[in-house]
Each structure stands twice: as structure tokens, then as C-alpha cells.
Amino acid sequence: RAAYCGPEHQALDWRRGHRRSCGQHAAGDDSADAIPEHNEFLFPEYEILIEPEEPEFPADGTDDEQGAQDTSKDGKEQEELGAAGIAAFQSLDEETLEAMAKHETEEEKIFRMFKKQVAAEPEQIIRYCRGGEGPLWVSGENRPEEKDIPNCVCGAKRKFEFQIMPQLLNYLQVDSLGESIDWGTLVVYTCADSCGGGNEYLEEFIWKQDHSMGCT
């Protein structure tokens, strides 16, 4: 009475308690028609809302009216803070300034840009952009080269279509499994020619990138 996406998950659920719950239902029991609880294994279900990503700034390069008012209001404060900041930097010696400049490594810069982009839509679980910009990488390490992406079974190249974000881990509540499941991002490459027909499922290629050890 329970549906599974494959025999591996069926076997796993059986070992996690389905064996016991099935044995508790007698043939004449009123509860025999009820589907057993699978809280220990089955992931919660959600509806995915699809929306275009809004640009960080308006297309014409101008701020909205409220933003302009805020800028005018706080202009004096920003000037004072800027002057104070310049004075503070001027008081530092050259060695200290050089150390500060090198403090943020390239890896940290990439991760900072990743967090900045994600902060605009913190609940985003999938970024879809077939044929457009490449994926939003969480690290400079372990990025695939063109030779690392195998061609489709039809012979055509595969191209980036969408990526799965780490926020999905929170929604799936993977900690309840008692097993380690983690990723920085999962990048999916699909056939550039969209081969296949009907409702057939075709095997595509996924690249798993973990968080860099140097980023927190």
C-alpha cells in the first residue's frame, strides 16, 4: 500500500520499519486499509513555485523613488562614514594594508558571491537556465571542463539546464535519515538536441560540487 520510486528505496523502507507495520495489520482489521506511517524515511512533499529571477537593479539603471529619497536623506551620514573610513585606512601601515588585501582568497570571493546571489531568494531550491548563463558555482574547486561532460546517448553534446541548491536539504529534513547527505550544488546537464520522444525518461548527467573546505 506504499508507493516507491524504485526497489532500492522499497528495500530501505522495509528495513526501517515497514516490515513491522505490515505485520501489525490483520486480515479483518479496520486499519488494514490505512497506509502505514513512513516518517522515518519518506521525504515531505511540497509544491514548487516557479518565478523568473528579478534583476538586482532596475533595467534602466535608476533606483525607485523611495530608494532615491533614502539616498538623499542619508547622504550626509554616508559622507561622514566614508571620510572616517578613509582616515582609518590612512593610519594603517603598508604591511597591514597588504595583509588585509590578501585576506580574502579567491575561494572566499566565489563563496561570498554565491551567498550574495542566494540571499535575494533564500528559499530557492532550483535555478533553471537552459541555454543561458552557466550554473552558480559555490566553489572554485571541482568544476567540470567540457571533456568531463559526456555526450548524450544520441551523440549530441549535453548542456547546462538547471541546478539544485543546497537549501533543498533543509526542506527534505535529511538529518532524520541518520545518514550523511550533503552538497554545495547539483548541476544537471541535458541533451542539447532534446532527443527522445513520448513520455520516456532518458538518463542525463549530474555534477556534484561540494562546499570548499576553505569557506565557512
Side-chain angles (χ1 to χ4, degrees), residues 1-53 114 118 121-132 134-139 142-144 148-211:
R1 296 182 180 278
Y4 302 95
C5 59
E8 295 84 1
H9 286 179
Q10 182 181 14
L12 181 59
D13 188 45
W14 181 260
R15 293 194 297 271
R16 285 182 174 272
H18 195 168
R19 181 202 308 267
R20 294 189 301 274
S21 62
C22 273
Q24 293 172 357
H25 298 303
D29 193 345
D30 293 338
S31 63
D33 293 333
I35 297 178
E37 291 292 336
H38 295 78
N39 296 332
E40 295 182 358
F41 173 71
L42 295 186
F43 294 131
E45 294 184 12
Y46 296 94
E47 178 182 0
I48 299 178
L49 179 63
I50 302 175
E51 294 180 335
E53 187 173 57
F114 177 86
V118 171
E121 294 290 344
E123 296 182 350
Q124 185 180 67
I125 60 170
I126 293 177
R127 293 178 61 88
Y128 185 94
C129 191
R130 179 175 170 84
L136 180 62
W137 296 107
V138 69
S139 169
N142 191 31
R143 293 190 187 185
D148 296 320
I149 310 299
N151 291 342
C152 179
V153 291
C154 73
K157 290 185 176 297
R158 286 190 172 99
K159 63 181 180 180
F160 167 66
E161 181 164 356
F162 67 93
Q163 66 183 113
I164 302 173
M165 307 299 285
Q167 179 63 19
L168 182 62
L169 293 166
N170 295 331
Y171 289 112
L172 295 182
Q173 303 171 16
V174 295
D175 291 343
S176 64
L177 294 180
E179 300 178 8
S180 176
I181 300 177
D182 193 20
W183 65 73
T185 186
L186 302 175
V187 184
V188 179
Y189 296 84
T190 61
C191 178
D193 291 344
S194 299
C195 68
N199 296 321
E200 295 182 9
Y201 285 105
L202 298 178
E203 181 177 314
E204 298 295 0
F205 183 77
I206 187 169
W207 186 273
K208 177 177 179 285
Q209 186 189 49
D210 294 317
H211 291 280

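As the structure is a prediction and not an experimental result, all values here were calculated from the model.
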### Task
Side-chain contact test, heavy atoms from C-beta onward, threshold under 4.5 Å: evaluate it for I125 versus I48 and give yes or no.
yes
### Message
Would you say that W137 contacts V187 through its side chain, given a criterion of any heavy-atom pair below 4.5 Å between the two side chains?
### Response
yes
### Task
Pick out which of K208, R127, Q209, Q163 makes a side chain to side chain donor-acceptor pair (under 3.5 Å) with T185.
Q163
### Task
For K159, check salt bridge (Lys or Arg N to Asp or Glu O under 4.0 Å) against everything at least two apart and list the hits.
none
### Query
Below 4.5 Å, heavy atoms only, C-beta onward: do L168 and W183 meet side chain to side chain?
yes
### Task
Could you label the plane-to-plane angle of the H211 and F114 rings as parallel, tilted or perpendicular, counting under 30° as parallel and over 60° as perpendicular?
perpendicular
### Summary
Those residues at least two apart in sequence (or on a different chain) that pass salt bridge (Lys or Arg N to Asp or Glu O under 4.0 Å) with E204 are R158
### Query
So, do D182 and D210 sit near enough that their side-chain heavy atoms are less than 4.5 Å apart?
no
#### Entry: M165 CE to N170 CG distance, which is reported to the nearest 0.5 Å
12.0 Å
### Query
Of all residues at least two apart in sequence or in a different chain, which pass the salt bridge (Lys or Arg N to Asp or Glu O under 4.0 Å) check with R130?
E161
#### Entry: F162 side, atom CZ; I206 side, atom CD1 - distance, nearest 0.5 Å
7.0 Å
### Query
Are side-chain heavy atoms of P144 and Y189 found at a separation under 4.5 Å?
yes
### Message
Tell me which one of C152, P150, C191 satisfies side chain to side chain contact (heavy atoms under 4.5 Å, CB included) with F205.
### Response
P150
### Query
Is the closest side-chain heavy-atom distance between W207 and D148 below 4.5 Å?
yes
